[in-house]
Amino acid sequence: MNSRRLFVVLPVALLSASLCAADPAPDEWYNAGAAAVARNARLQPVSGRAKNVILFVGDGMGITTVTAARILDGQRKGGSGEDNALAFEVFPNVALSKTYSANQQTSDSAPTMTAMVTGVKTDDGLISVNSRVPRKEPRAEVVRSGSLRTILEWAEDRGLSTGVVTTTRVTHATPAACYAHASERDWEGDADLPVGTTAPDIARQLLDFEHGNGIEVVLGGGRAKFYTADETDPEYDKRKGTRRDGRSLWREWVDGKPRAAYVWNKAQFDAVDTSTTDRLLGLFEPSHMKFELDRVKTGDEPSLSEMTQKAIAILARNAKGYFLMIEGGRIDHGHHAGNAQRALTDTIALSEAVRRATELVDPKETLIIVTADHSHVFTMAGYPKRGNPILGKVVHPGHADTDYAQDLLGLPYTTLGYANGPGYTGASDKQPAGTKRFEHMPAKTEPGSGRPNLSAIDTSDPDFLQESAIPMQSETHGGEDVAIYATGPGAHLVRGVMEQNAIFHVMREAYGWK
């Protein structure tokens, strides 16, 4: 291991070694803090330009999500959790990103990702076009005139290899902003286009991509948008594709260029030889991929870490370098459903993907940025004692584990909750409704009349929905700043409180592109 890689790994080991006791002595806290500052004082920016850039996006990964995931990860490893660190939390440069869009205080993924990959803020719902393009603009020429050049397109035009990896549909807002230009984020397939629309759908733009020699690696979900209405899904024999134009896009991927491969399950994915495959398309579900909590039970889809590793192996064969975007997309969906455990488990999966990437790349030539597009109205509160289960009910210091803190109604409450969402279930004799299958929008729930009594309820059950203060079918995004973590050449440019669109300019500057 070279010396530059040490600052990525060493602080976690030192911290856990010095503070592993349940109640460290005062001098242990003091010495650990002094050691951390001493390490920081020795750090110097990585000199030179970046050959490669990897942009990790935790969709909806706000500060509270990071904190709660850190604790959950640590507790699953047998510790108290609070002194744990996710892989990206030890990166040397950290800043805050202001996530408002051109027209909303609290934005969605379309304009926020557009800002990160184009350097320009735009309106909600727009994919890599400027705010002068009206939302749902049907005319191709108007959309084209307002298109914004993305960092992935810059990379392809300069001969670099490129990749997009996600756990959502590959046509969803975050991955789509890397390669497509659309006036409506929901126009993912041609069946989604209103009659008379001449602007192309997002899936088609992935195949008709005209920059460089095309994107080399695309991994995620959403294969229904790539199959015709006459083609049966390879995994679910009662489902068919949704394309009405007769274009079998997955076949076009395979037939378009030599040494191209298409896979739709883990066995096929595992069999891909990265030394002989130049272009890889993996579509593992008709819609979004499974939540990590559910994926590990079936084992029929690759993990985000596995997709990260295979993508890097293919892209790194280009001597000129690469740009790779990796999204932990279902963090967002877990929060929308009011299901903290799935959101946090997917956050941990993103952390593991970051860890895998740092092990595979040369830190002297690869800039890694980890950030979020926006936050959620996710809360962590209640004065629980140290080591209290993060998914559990609040217990104050000095109390027995089942001696729960009570609200003014005499009822226990959980550490984690939401300001709004489907967890507002009402009647005190009912358990908050769980759902067995999660999609972007949970099933409609009826608001009730009061808080439930959680005394006998296992709030760590995977399907438990945390309570929310305001009843809504789907929990909403939050508008506060999110964090940016960076390491490698150009990471020193990440500092202070930054406009979200500045992330593009950090990557451009790191590459040395003018």
Side-chain angles (χ1 to χ4, degrees), residues 57 59-60 99-150 152-153 164 166 168-210 220-222 224-226 228-229 241-247 249 286-288 327 329 332-333 336 373-374 439-441 472-477 479 500-501:
V57 179
D59 197 313
T99 64
Y100 67 93
S101 67
N103 68 330
Q104 288 189 190
Q105 286 182 340
T106 302
S107 56
D108 73 50
S109 297
T112 50
M113 189 59 179
T114 294
M116 286 190 275
V117 296
T118 71
V120 178
K121 291 203 178 215
T122 193
D123 287 353
D124 275 51
L126 301 184
I127 299 288
S128 292
V129 296
N130 65 46
S131 57
R132 295 180 180 179
V133 176
R135 187 167 183 176
K136 299 184 184 295
E137 169 57 54
R139 294 167 294 175
E141 63 273 17
V142 177
V143 174
R144 190 180 306 113
S145 68
S147 292
L148 301 167
R149 194 179 181 194
T150 74
L152 187 147
E153 292 170 340
V164 172
T166 181
T168 69
R169 295 187 296 269
V170 299
T171 51
H172 213 233
T174 301
C178 293
Y179 63 85
H181 307 272
S183 62
E184 173 52 59
R185 58 171 290 174
D186 293 333
W187 290 352
E188 297 182 44
D190 67 330
D192 304 317
L193 299 176
V195 175
T197 301
T198 59
D201 64 273
I202 291 169
R204 173 183 157 189
Q205 292 185 60
L206 179 60
L207 270 293
D208 294 344
F209 190 78
E210 297 179 347
K225 311 293 184 182
F226 294 78
T228 71
T242 60
R243 297 204 67 81
R244 302 176 301 185
D245 60 4
R247 291 184 63 177
L249 297 182
S287 185
H288 305 301
E327 182 198 22
D332 178 70
H333 296 172
H336 279 306
D373 46 359
H374 54 73
E439 282 295 337
H440 180 64
M441 299 288 284
M472 298 187 72
Q473 181 179 351
S474 177
E475 179 264 1
T476 72
H477 295 171
Q500 192 166 46
N501 56 299

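Numbers for residues simply follow the sequence, beginning at 1. These numbers come from the heavy atoms of this one structure, side chains and all, not from hydrogens, waters or symmetry mates.
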Gap separating the [atom1] atom of [X] from the [atom2] atom of [Y], nearest 0.5 angstrom:
X: K136; Y: W187; atom1: NZ; atom2: CH2; answer: 6.5 Å
X: Q500; Y: H374; atom1: CD; atom2: NE2; answer: 9.0 Å
X: L126; Y: T114; atom1: CG; atom2: OG1; answer: 7.5 Å
X: H172; Y: E327; atom1: NE2; atom2: CD; answer: 8.0 Å
X: R204; Y: D245; atom1: CZ; atom2: CG; answer: 7.5 Å

*Output every pair passing salt bridge (charged side-chain N to carboxylate O under 4.0 Å, His left out) with a member in residues 101-123, not counting sequence neighbours, ordered by first then second residue.*
D108-R185, K121-E499

Identify the two heavy atoms, one from [X] and one from [Y], that lie closest to each other, and give their separation to 0.1 Å.
X: Q205; Y: A180; result: OE1-CA, 3.4 Å
X: C178; Y: V117; result: SG-CG1, 4.2 Å
X: V120; Y: L148; result: CB-CD1, 3.8 Å
X: A182; Y: I202; result: CB-CG1, 4.2 Å
X: L193; Y: R244; result: O-NH2, 3.6 Å
X: V164; Y: P175; result: CG1-CB, 3.5 Å

_Residue pair E137 / S183, side-chain donor-acceptor N/O under 3.5 Å_ = no

*Tell me yes or no: between the side chains of D59 and S109, is some donor less than 3.5 Å from an acceptor?*
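Yes - a donor-acceptor pair under 3.5 Å links their side chains.
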
_Chi angles and distances behind the side-chain contact (heavy atoms from CB on, under 4.5 Å) call for T150, H181_ = CA-CA 10 Å; T150 74; H181 307 272; 4.1 Å; yes

[Y] and [X], any side-chain heavy atoms less than 4.5 Å apart:
X: Y179; Y: S128; value: no
X: R247; Y: D208; value: yes
X: L207; Y: F226; value: yes
X: D373; Y: M116; value: yes
X: K225; Y: D201; value: no
X: L249; Y: R243; value: yes

*How are the rings of H477 and H336 set to each other: parallel, tilted or perpendicular (split at 30° and 60°)?*
tilted

*For S101, which of D124, T112, T106 qualifies under side-chain hydrogen bond (donor to acceptor under 3.5 Å, both in side chains)?*
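Answer to the side-chain hydrogen bond (donor to acceptor under 3.5 Å, both in side chains) test with S101 among D124, T112, T106: D124.
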
*List for me each residue that meets salt bridge (charged side-chain N to carboxylate O under 4.0 Å, His left out) alongside D186, sequence neighbours excluded, and say none if there are none.*
none

*Scan for side-chain hydrogen bond (donor to acceptor under 3.5 Å, both in side chains) pairs involving residues 140-149, sequence neighbours excluded, and state none if there are none.*
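Those involving residues 140-149 are R149-D157.
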
_More than 12 heavy atoms of other residues, nucleotides or ligands under 6.0 Å from CZ of R132: yes or no?_
no

